[in-house]
Every structure is written in structure tokens, then in C-alpha cells.
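The structure under discussion appears below in the form of C-alpha cells.
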Amino acid sequence: MSKVETQLTINLPDGSKRNLECGATAADLAQSIAQGLYRKAVGALINGEIRDLFSVLSDGDTVKILTADDVESLELLRHSTAHVMAEAVQRIFPQAKIAIGPTITDGFYYDFEIPGHTLSTEDLSKIEDEMKRISQENQRIVRHQIPDVDKQISEFKNGGEKFKAELLEEHKHESPTLYLMQDKDGKTIWNDLCRGPHLPNTGLIKAFKLLKVSGSYWRADEKREQLQRIYATCWWKTSDLEDYLKRLEEAEKRDHRKLSKQLDLFSVHDEVGPGLIFWHPNLATIRATIEDFWRDVHRKRGYQFVFTPHIASEQLYEISGHLQSYGENMYSAMDIDGQPYRAKPMNCPGHIMIYRSRLRSYRDLPVRFAELGTVYRYERSGVLHGMLRVRGFTQDDSHIFCTPEQLEGEINGILDLIDFMMTTFGYKYKAYLATRPEKYLGTDEEWAMATGALEAALKSRNLDYEVDEGGGVFYAPKIDIKLYDAIGREWQGPTVQVDLNLPKRFDVTYIGEDGERHQAVMVHRAVLGSMERFCGGLIEHYAGVFPTWLAPTQVIVLPISDRHQEYAAQVLAKLRAADVRANMDDKSETVNYRIREAQMQQIPFMLIVGDKEAADSAVAVRHRRDGDLGVQKVDDFVELITKEIKERK
RNA sequence: GCCGACGUAGCUCAGUGGUAGAGCAACGGUUUCGUAAACCGUAGGUCGUGGGUUCAAAUCCCACCGUCGGCUCCA
């Protein structure tokens with residue numbers, strides 16, 4: 001007999017090898033390495049896959065034993081806690097039917113159908129208590145391959161677990177498994193259909209919190225059963241849980257709707273309608289500053305600015321195909337002289353009209369049209385959200401028309417522009433290449449050409465990117481950029497799409513070197529996305545503390561008493577002459593009071609002026625963060641702040 | 001659109017069937033001040049809207065509107 005049949009060789013992460021008896025599990029491996037590791041082991045990373053601790057190993061496997069110190073183990077923890085929650089819910093509400101309970105970032109959720117009961121926040125603490133009990137009972141979590149799938153399906157059906165029955169039916173040929181919750185005598189108390197992996201027991205589950213209840217649909221299909229979803233978070237250590245809850249609190253403090261009230265930024269009005277934003281002077285100033293920056297950047301990169309109408313005859317959207325494929329997001333037609341017109345949902349058809357207004361030569365290309373174009377889209381009432389999800393918004397839209405040969409270079413240029421702008425705002429970002437989806441227009445060659453150009457540009461810039469297989473839109477592959485803000489939250493950022501549809505529909509062509517007509521390649525791109533969403537996001541990114549170049553008021557002059565008003569006015573005039581956004585606060589309040597107000601408004605600089613300063617052409621500078629910076633000459637201060645503004649700090 | 005919660009003064013909130021309250025902001029006056037809240041006073045609400053129950057409704061019931069948390073989609 002050769003040794004392979006009785007012994008396994010396992011590779012360890014440090015490169016060493018270890019021999020074990022055939023049939024050994026990851027737990028056996030842990031024990032063979034060290035008792036301490038065995039005690040701490042909660043699962044295993046087998047050939048890069050997270051698995052149960054009691055998984056049987058195969059010869060040649062590379063295995064890393066997972067403990068609570070490994071990030072991968074959070075997946076095991078959260079997934080297992082989801083089951084504990086489901087078990088608790090069914091203990092409290094025996095009529096509850098369980099659906100699915102996946103892990104999500106920082107936690108998990110589980111969907112239930114609970115006939116005759118609507119979950120309330122009070123229920124959450126009851127469920128938490130029950131979960132604690134299940135943890136104390138230290139139930140074993142045992143993987144169980146289903147021997148007779150059809151029998152199990154009818155068992156689920158008899159027990160009323162219709163969702164589980166449906167799932168099992170679908171996965172019947174994938175050797176499905178149940179996870180059994182067993183008491184210390186090995187008696188099964190509860191089970192759930194699940195692929196796993198899980199922790200070895202519930203005693204490991206300690207630091208969790210149920211966060212909110214919400215509605216959802218079975219299989220995310222609104223035609224199917226409406227379910228109740230419980231969201232929860234879970235961590236190994238109570239301190240991690242507390243940190244997470246603190247992060248949530250911090251995020252809440254940054255909420256742009258909340259900051260808007262403190263800083264007087266924007267409003268929406270019942271009389272006007274939901275999802276329509278009114279920009280107050282403070283935020284309008286920030287937006288105008290960003291737009292100036294945007295224009296400057298685009299001008300320098302060879303873009304041309306255009307403006308297009310906000311309404312257009314329906315014909316236009318018939319040609320573009322928006323009416324057919326995007327119709328449910330468009331507002332209904334208005335009658336103008338008997339002709340149906342529509343509010344524009346996208347800027348592209350308009351830009352194409354300009355392109356097509358004359359014959360274009362290959363020598364004209366690339367043509368880069370850019371517009372801060374306001375569009376209107378119907379969004380269901382339930383999805384509207386402050387400035388981040390609205391019904392009327394302004395895109396920083398651009399369409400580039402070029403030859404196939406120019407495509408990669410254009411994309412490269414766009415990525416460069418994106419990098420410059422996002423870095424200016426202090427966002428980190430990551431790129432995703434979204435490839436051809438199942439339903440698509442155009443030929444395979446076109447898709448290959450377009451996707452290839454996107455990928456080549458990413459590679460030539462050495463940009464880290466992930467491929468989102470099938471994530472493209474039906475008419476275009478695209479690069480999506482995700483932004484990471486000051487507290488690490490992800491935001492949808494710039495997008496670049498190579499359109500394979502509109503150039504055909506509108507017959508967008510140029511005359512080539514050969515004197516023939518050729519179809520132009522068209523790229524859509526937005527960097528900021530929409531002014532509404534971008535500015536909403538910026539408010540949260542900066543927590544309302546806008547850098548000086550963006551701050552609505554950059555300087556406030558505070559005369560100490562009435563007799564200093566005249567000098568303060570001179571200082572103010574100097575600042576304004578230097579294009580600094582400055583104001584004076586000469587209210588009849590104490591200096592302390594006015595400083596406090598300026599601090600709370602996050603005004604970068606406060607200039608306090610009294611007798612000493614007036615006598616000396618000076619100002620006493622206070623910075624919102626660094627405090628008292630001492631006295632300096634007015635001209636010196638103007639120079640300092642002008643530099644800061646110019647450097648976009 | 002669907003599920004749930006919520007809607008009281010400009011803002012933050014108290015008020016669970018019996019005469020609508022507080023703090024801040026606003027306004028008037030006094031104070032003229034040196035780096036995060038001076039003092040006194042005045043005014044401000046059809047309690048989201050409409051209907052119902054009741055002797056009596058901010059409070060209980062119904063409908064609608066809006067907001068918030070999600071579901072789906074996306075800038």
C-alpha cells in the first residue's frame with residue numbers, strides 16, 4: 001500500500017508541510033499544530049476558500065486555520081449569527097417562515113415572513129435576548145449533507161418553509177447541505193438550508209446588535225411575497241461593535257440633510273414637489289465654485305461647452321430609443337401645438353444634434369462636447385433621498401465623438417481628468433470595468449473593440465481595477481469609478497461608457513481620409529455625476545467643514561466694538577477686491593458670541609480687529625481649527641488666503 | 001409603488017382625551033466687549049391636510065400629502 005492512501009500532505013501558509021491521517025479535518029490539523037491554535041480555531045481557509053473548521057481535508061490542500069484574528073473569520077461569524085437570529089425569531093414567532101440571510105458589509109440580514117405580526121423595534125430587543133440565550137446554550141453548528149433531497153423538500157413543505165423548499169428545489173443537484181443546531185447531547189434543535197460555512201458553535205457569538213427592520217421582497221421581486229427584513233451587525237469583540245456603532249453615529253452627524261439645516265445649504269418644499277432641490281446661497285456658492293473649476297479643467301483639456309434645451313419633441317427620444325428603453329423614467333408628454341414634447345432625461349441626443357448639424361471630417365475629431373445639463377427623471381417616491389436621489393438634477397455630462405483609433409487615447413485622457421478632479425476633492429477611488437451583459441445591442445466585434453479600449457487605457461495608466469463581468473449596460477461597456485470618502489464610505493463616482501447604439505440610431509458619422517463616411521465612436525462620461533449628488537456627497541465627505549477654496553464664506557471680519565466698524569469695512573473691501581468671499585459681522589453681540597457663530601458656520605478665517613489692528617493696518621487671525629494665529633498685516637493675510645484658494649486647499 | 005416609523009413655533013424637542021410649552025433663533029431695548037453663548041423684554045403655532053369618534057382631539061380612528069429606514073433602480 002502506498003502512503004497516499006492513508007496519509008495526507010497539507011501545505012501550511014508559511015510554506016511548510018504537515019502529514020495527517022486520511023479523513024483528518026481542519027480541526028485535526030489545528031490540534032496537530034498547537035493546542036492554543038486549536039482552542040482559538042473557528043474555521044479554515046482551504047485553498048483560499050473559507051470553510052468549516054470540521055471540513056475534511058484532501059491531499060495537497062493549502063490550509064490556513066482561521067481564528068478571530070483573521071478578517072476572513074468575520075464572514076463565518078456573521079453568517080452564523082444570521083442563523084442564530086433566525087432561530088431566535090422562530091422561537092418567539094413559531095409561525096415565522098425563514099427566507100434568506102446573507103452577510104453584508106459589517107453585518108448581515110435575514111428575511112422572514114411572519115403571518116399576523118409586524119416586527120417592531122421592541123421586538124428587536126426581545127430577539128436579541130433570545131439570541132444571547134442561544135449563544136449561552138452553546139449549540140453546536142453541524143454541517144449535514146442532505147441524503148434525500150426530495151424527502152427534505154417535502155419536509156420543508158410540510159413545515160410550511162416554502163421559501164426553503166423553493167431554494168432546495170433549485171439547488172437539488174448541487175449536493176445541498178443543512179446546518180443543524182444541536183444541543184450538548186447531539187440532539188438537533190433547529191436547522192436551516194445553507195451552503196455554509198459556519199462557526200463550530202454558537203458560544204462564539206457575543207458582540208452583535210440588531211439595527212433595523214425593513215420591508216423586502218422574496219427574491220427581490222416586488223410581484224412576490226413581501227417579507228420583513230432585520231438588519232444586524234456583528235463583531236468578535238464588544239469593543240469592535242462599539243467602534244462600529246460610533247462610526248454609524250459619526251456618519252449620522254455628517255448627514256447632508258442635517259448639516260444643511262445647520263449651515264443653510266438647501267431645501268425641498270411640499271408646494272413644489274419631492275426630489276426637487278432649492279440651492280440656498282451657501283451651497284450655490286460652493287456649486288458655482290466647483291462649476292468654475294470644472295469649466296477650467298475642461299477648457300484646458302480641449303472640451304467645448306454647449307447648451308441644449310430642457311424639453312424636446314418626442315421624435316427625438318423615439319430616434320434615440322429612450323422612449324422605448326427608458327420610458328418609465330421619463331415624465332409624461334406635454335402638448336405643444338398638438339405635438340407631444342418631453343422633459344429631457346439625458347443630454348446625449350442633444351449633443352448628437354449639434355454634432356450632426358454639419359458634416360464632420362476625421363480632421364475635426366475628436367470632438368468633445370461638455371454641458372452641465374439639467375435632466376428630469378421619474379423616480380418612485382420611496383427612493384428619494386435628500387440631494388442624493390432626486391427627480392431633477394444637473395449632470396456634468398460630456399460626449400466625445402472620435403475614430404476607433406482615437407478611442408483608447410480619449411479614454412486615457414478622461415481617466416487623467418477624473419484622477420485630477422477626484423484627487424482635488426480628496427477622494428480615493430477604485431475602478432471597475434463592466435463588461436457585456438446578457439442582453440446587449442451591437443456585434444461581438446464592436447463589444448470587443450470598445451471593451452478592449454477601456455481595458456487598455458486602464459492598463460496603460462497602471463490603474464488597479466476589477467472586472468465586473470456582465471455589469472455593462474445593454475448599449476455599452478463602461479468603467480465605473482467608486483469613491484471612498486473621508487470616513488471610508490463608498491460613493492458612486494465617475495463613469496465612462498463607450499456607446500455602441502446611439503451612433504447607429506442617429507447615424508453619427510465623419511468623412512475619413514478615404515473620402516468615405518464612417519461611423520463615429522461615441523463616449524459618454526460624467527465625472528462628478530450630478531451636481532446634486534456630488535455636492536450632497538461632498539457635504540458628508542467634509543462633514544460640512546469645506547476647504548477654504550470651497551467655503552461659502554471664507555473670511556469673516558469681526559470689529560471688537562462699534563468704533564472699529566470703519567476699519568473693519570476697509571479690511572473687508574481689501575479682501576473682496578482680492579476675490580475673497582468675505583463678510584463682516586458687526587452685530588451688537590460680544591466678540592465671543594460672534595466667534596462662536598463663525599465657528600459653528602465653519603468659516604475658515606475670523607479676523608478680529610480692534611484699536612491695535614486699526615493702528616497698524618493689521619488683523620488678528622483666528623482659524624476655525626487652529627485657533628488664534630496671532631496678528632499680521634492685512635496685505636500678508638490677503639496673500640496667504642489667496643494662495644490657499646488658488647491651490648484649492 | 002410596496003413594508004414600517006414619524007410629522008407640535010424658523011431649528012431642536014416636551015406635551016397620551018380637559019385652556020398648546022421649553023431652549024436656541026427672530027424682533028425691541030440696555031451693553032461696546034480681545035478669541036466658542038452679555039442682560040431684560042416682545043412676538044411667534046388652525047399641532048402636515050381633510051374627514052370621523054367624543055360634551056371635549058395635538059392626543060383615538062380613517063384617507064391623503066410629506067419625511068425617515070429599507071425593498072428595486074440609478075446621476
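Lettering of chains follows the sequences in order, A, B, ..., and the numbering in each one begins at 1.
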Partner nucleotide, any strand, of [N] [Watson-Crick/G-U, under 3.5 Å]:
N	result
B:A26	B:U42
B:G21	B:C13
B:A37	none
B:C71	B:G1
B:C60	B:G52
B:C6	B:G66

- Check whether any side-chain heavy atom of A:Glu490 sits under 4.5 Å from a side-chain heavy atom of A:Leu483, and report yes or no.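 No, their side chains stay 4.5 Å or more apart.
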- Any A:Phe401 side-chain heavy atom under 4.5 Å of A:Phe369 side chain: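 SC-SC contact between A:Phe401 and A:Phe369 confirmed.
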Between [X] ([atom1]) and [N] ([atom2]), how many Å, whole number?
X	N	atom1	atom2	result
A:Leu384	B:G66	CG	P	9 Å
A:Glu597	B:A37	CD	C1'	9 Å
A:Met346	B:C73	CE	C1'	12 Å
A:Ile418	B:A75	CD1	P	14 Å
A:Arg594	B:G34	CZ	P	11 Å
A:His269	B:C65	NE2	C1'	16 Å
A:Met330	B:A75	CE	C1'	16 Å
A:Met600	B:C24	CE	P	12 Å

Heavy-atom donor-acceptor pair, [X] side-chain to [N] base, under 3.5 Å:
X	N	answer
A:Tyr593	B:G34	no
A:Arg389	B:C73	yes
A:Arg219	B:C71	no
A:Glu379	B:A75	yes

side-chain hydrogen bond (donor to acceptor under 3.5 Å, both in side chains) against [X], all qualifying residues, sequence neighbours excluded:
X	result
A:Glu613	none
A:Asp586	none
A:Asp626	none
A:Arg219	A:Glu170

- Which residues within residues 602-620 of chain A lie with some heavy atom under 4.0 Å of an atom in RNA chain B?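 Here the set is A:Ile608, A:Gly610, A:Asp611, A:Lys612, A:Glu613, A:Ala620.
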- Task: List for me each residue that meets side-chain contact (heavy atoms from CB on, under 4.5 Å) alongside A:Lys261, sequence neighbours excluded, and say none if there are none.
- Result: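 Expected list: none.
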With a 4.0 Å cut-off on heavy atoms, is [X] in touch with a base, just the backbone sugar-phosphate, or nothing at all?
X	result
A:Gln395	sugar-phosphate
A:Ala526	nothing
A:Gly373	nothing

Taking 4.0 Å as the cut-off, does a side-chain nitrogen or oxygen of [X] come that near to OP1 or OP2 on [N]?
X	N	result
A:Lys212	B:G70	yes
A:Arg257	B:C68	yes
A:His385	B:C74	no
A:Tyr326	B:C74	no
A:Arg622	B:A36	yes

Under 3.5 Å, which donor-acceptor pairs do the side chains of residues 246-253 of chain A form with other protein atoms, sequence neighbours left out?
residue  : atom : partner  : partner atom : Å
A:Glu250 : OE2  : A:Arg254 : NE           : 3.0

- Task: For B:U49 versus B:C11, give the span between their C1' atoms, rounded off to a whole number of Å.
- Result: 23 Å
- Would you please classify the geometry between the A:His385 ring and the A:His256 ring as parallel, tilted or perpendicular, with 30° and 60° separating the classes?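 Ring orientation of A:His256 relative to A:His385: tilted.
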- Task: With sequence neighbours excluded, tell me which residues meet salt bridge (Lys or Arg N to Asp or Glu O under 4.0 Å) with A:Arg301.
- Result: A:Asp416
- Item | Pairing residues for A:Lys439 by the salt bridge (Lys or Arg N to Asp or Glu O under 4.0 Å) criterion, not counting sequence neighbours | none
- Message: Aromatic contact between A:Phe605 and A:His623, with the criterion being ring centroids under 6.0 Å apart: yes or no?
- Response: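 Close enough - the centres of the two rings lie under 6.0 Å apart.
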- Item | Exercise: do A:His524 and A:Asp397 side chains pair donor with acceptor under 3.5 Å |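 No donor-acceptor contact under 3.5 Å links the two side chains.
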- Message: Please pick, from B:G1, B:C71, B:C74, the nucleotide with the shortest atom-to-atom distance to any side-chain atom of A:Tyr378.
- Response: B:G1
- With the side chain defined as heavy atoms from C-beta on, A:Gln492 is closest, among B:G1, B:A36, B:A75, to B:A75
Interface polar pairs with nucleotides 43-46 of chain B, N/O, under 3.5 angstrom:
none

- Item | Row check, A:Tyr440 ring normal vs A:Arg436 NZ/CZ: under 6.0 Å, within 45° | yes
- Under the 3.5 angstrom rule, does the side chain of A:Thr553 hit a backbone N or O of A:Val555 as a donor-acceptor pair? no
Can you tabulate the close N/O pairs, meaning under 3.5 Å, that link protein atoms to atoms of nucleotides 28-32 of chain B?
residue : atom : partner  : partner atom : Å
B:U31   : N3   : A:Ser588 : OG           : 3.0
B:U31   : O4   : A:Ser588 : OG           : 2.1
B:U32   : O2   : A:Asp562 : N            : 2.9
B:U32   : N3   : A:Asp562 : OD1          : 3.1
B:U32   : N3   : A:Asp562 : OD2          : 2.9
B:U32   : O4   : A:Asp562 : OD2          : 2.9

- Message: How close do A:Leu276 and A:Val268 get, counting heavy atoms only, and between which atoms?
- Response: O-CG1, 3.2 Å
- Per-nucleotide protein contact along nucleotides 3-14 of chain B, 5' to 3', at a 4.0 Å heavy-atom cut-off (B base, S sugar-phosphate only, - neither), is BS------SS--
- Item | Salt bridge flag under 4.0 Å for residues A:Glu532 and A:Arg389 |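 Looking at A:Arg389 together with A:Glu532, the answer is no, because their closest N to O distance does not fall below 4.0 Å.
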